Novice: 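Got a structure here, written out as structure tokens. Questions coming.
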Protein chains: 2
Amino acid sequence: MDIAARQFRARGYAAVSLRDIATEAGMRTPSLYYHFPSKDDLVIAVMNRGIVVVREAVTAALAALPSGTDPFARLGTAMRAHLRALHGLSDYTSANVRIFGQLPEDLRRANLPERRAYQAIWADLLSPTCAGNPEVLAVRVPFVIGALNATLEWFDPARGDLDALADQLGQVLLTGLKEQGGK
Amino acid sequence: MDIAARQFRARGYAAVSLRDIATEAGMRTPSLYYHFPSKDDLVIAVMNRGIVVVREAVTAALAALPSGTDPFARLGTAMRAHLRALHGLSDYTSANVRIFGQLPEDLRRANLPERRAYQAIWADLLSPTCAGNPEVLAVRVPFVIGALNATLEWFDPARGDLDALADQLGQVLLTGLKEQGGK
DNA sequence: TTTTCTACCTAACGATAGGTAGAATACTTG
DNA sequence: CAAGTATTCTACCTATCGTTAGGTAGAAAA
């Protein structure tokens, strides 16, 4: 599964064949079928773990905060934890974000329960910013998650500081572009 | 190309075969080869047009503004035009955003010149928010474009008002989440 | 000692992919 | 109308895909 996640992340869902995965794992293709009944089951397992990993990372980071922490500080912490999971922790979360849009609909549906559970965390985090307006919340939750996930397409943690990125994005999302972005 | 863009947008790059495109176009697969020398050439043409379309839409919207318009009003106008191109105008831009991450590296590289030209527009728009700090600008440009593009994964223009979305996202991006999102 | 399980193997299947060769048809122009 | 060009056709190729069938060596359990 580690190998599958790495390859899915790097090259996409359809472009990675079971042969590719088996080769890197040092075995023959059909041997994979001892561990997974089909490619679909393998990819579902990778996808679900991707959400579990990031959810655990975010909840752990929030739990480490002193109780009564300012809602905006909690948001910043969650953003940082999410970005870390995306760019550093493992390939599962990044693989999930990368290939979710490439999956046929039934595979996507299989990942929806995990995704909804994760979105619920962000709904809690963001509801203080929405004045109890559910329509605003319903937009802000996917928007923030989507904006963070989109960094996967352009930010390279090998060439830039992940913490600096988290700081900058936290500032933009919390205080807006009108706030000058200086040192 | 219209049909190819629609299918790429809906089902991804690898999942769409030349047979699918030809069938919907009312012809046989080899007939496509009269118009495009390969699938790669077809997809490159679609990808490039996708950026051209959104760039023209944004520059036209900006040109229609009275001269001397406030930089933040210009930003809001550009965001709205970008979202319109993504969700309404044509399938080329949405296809581009959807499948760019799925393409093999050489095809992605073929689209980079257009993408860079489009990013230059946003660099101009955003530089007033960065106090002349090039590192901040280098983060904010892809961040804003990526955040807008990410709406493609969760917003359905058939079930929500695109203008309302543009208003909300403009507010969040310009003034931040700390600004309560009310009516 | 007999049986079952684990973790792989080789060989091959049907389906589908992008692509090619060359004949047939449609359209335009002298 | 004839010639030539533009477009689409039929028929086929090779490569690769996910998957299945059937088997094997060795460890674990009965």
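Just so we're clear, the structure is a prediction, and the values are computed from it rather than from any experiment. Naming convention: chains lettered A, B, ... in sequence-line order (proteins, then strands); numbering from 1 in each chain.
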Novice: Before giving the answer on salt bridge (Lys or Arg N to Asp or Glu O under 4.0 Å), spell out for R84(B) and D163(B) the whole-Å C-alpha distance, their side-chain angles and the decisive distance to 0.1 Å.
Specialist: CA-CA 9 Å; R84(B) 265 195 215 289; D163(B) 283 319; 2.9 Å; yes

Novice: Could you check which residues of residues 1-29 of chain B get a heavy atom under 4.0 Å from DNA chain D? Sort them by number, please.
Specialist: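 Close to the strand are M27(B), R28(B).
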
Novice: Is there a side-chain contact between R19(A) and R28(A) (heavy atoms, below 4.5 Å)?
Specialist: no

Novice: Could you check which residues of residues 32-44 of chain A get a heavy atom under 4.0 Å from DNA chain D? Sort them by number, please.
Specialist: Y33(A), S38(A), K39(A)

Novice: Please tell me whether Y92(B) and N48(B) have a donor and an acceptor in their side chains that are separated by less than 3.5 angstrom.
Specialist: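 Checked: Y92(B)/N48(B) side chains show no N/O donor-acceptor pair below 3.5 Å.
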
Novice: Is the NZ or CZ atom of K39(B) positioned over Y13(B)'s six-membered ring, under 6.0 angstrom from the centre and within 45° of the axis?
Specialist: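 Pair K39(B)/Y13(B) counts as cation-pi.
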
Novice: So does S31(B) get a side-chain nitrogen or oxygen closer than 4.0 Å to the phosphate oxygens (OP1/OP2) of dC9(D)?
Specialist: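 Yes, within the criterion.
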
Novice: Side chains of D20(B) and S17(B): is there a donor and an acceptor less than 3.5 Å apart?
Specialist: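 Their side chains do contain a donor-acceptor pair, which is all the 3.5 Å distance test asks for.
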
Novice: Using a strict threshold of under 4.0 Å (side-chain N to carboxylate O), is an ion pair present between E114(B) and R49(B)?
Specialist: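 No, this pair does not count.
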
Novice: Please find the pair of heavy atoms, one from S94(B) and one from L86(B), that lie closest to each other, and give the distance.
Specialist: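 Closest approach of S94(B) to L86(B), heavy atoms only: CB-O, 3.5 Å.
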
Novice: Under 4.5 Å between any side-chain heavy atoms of F155(B) and L162(B), yes or no?
Specialist: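 The answer is yes, as the side chains (C-beta and beyond) meet within the 4.5 Å cut-off.
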
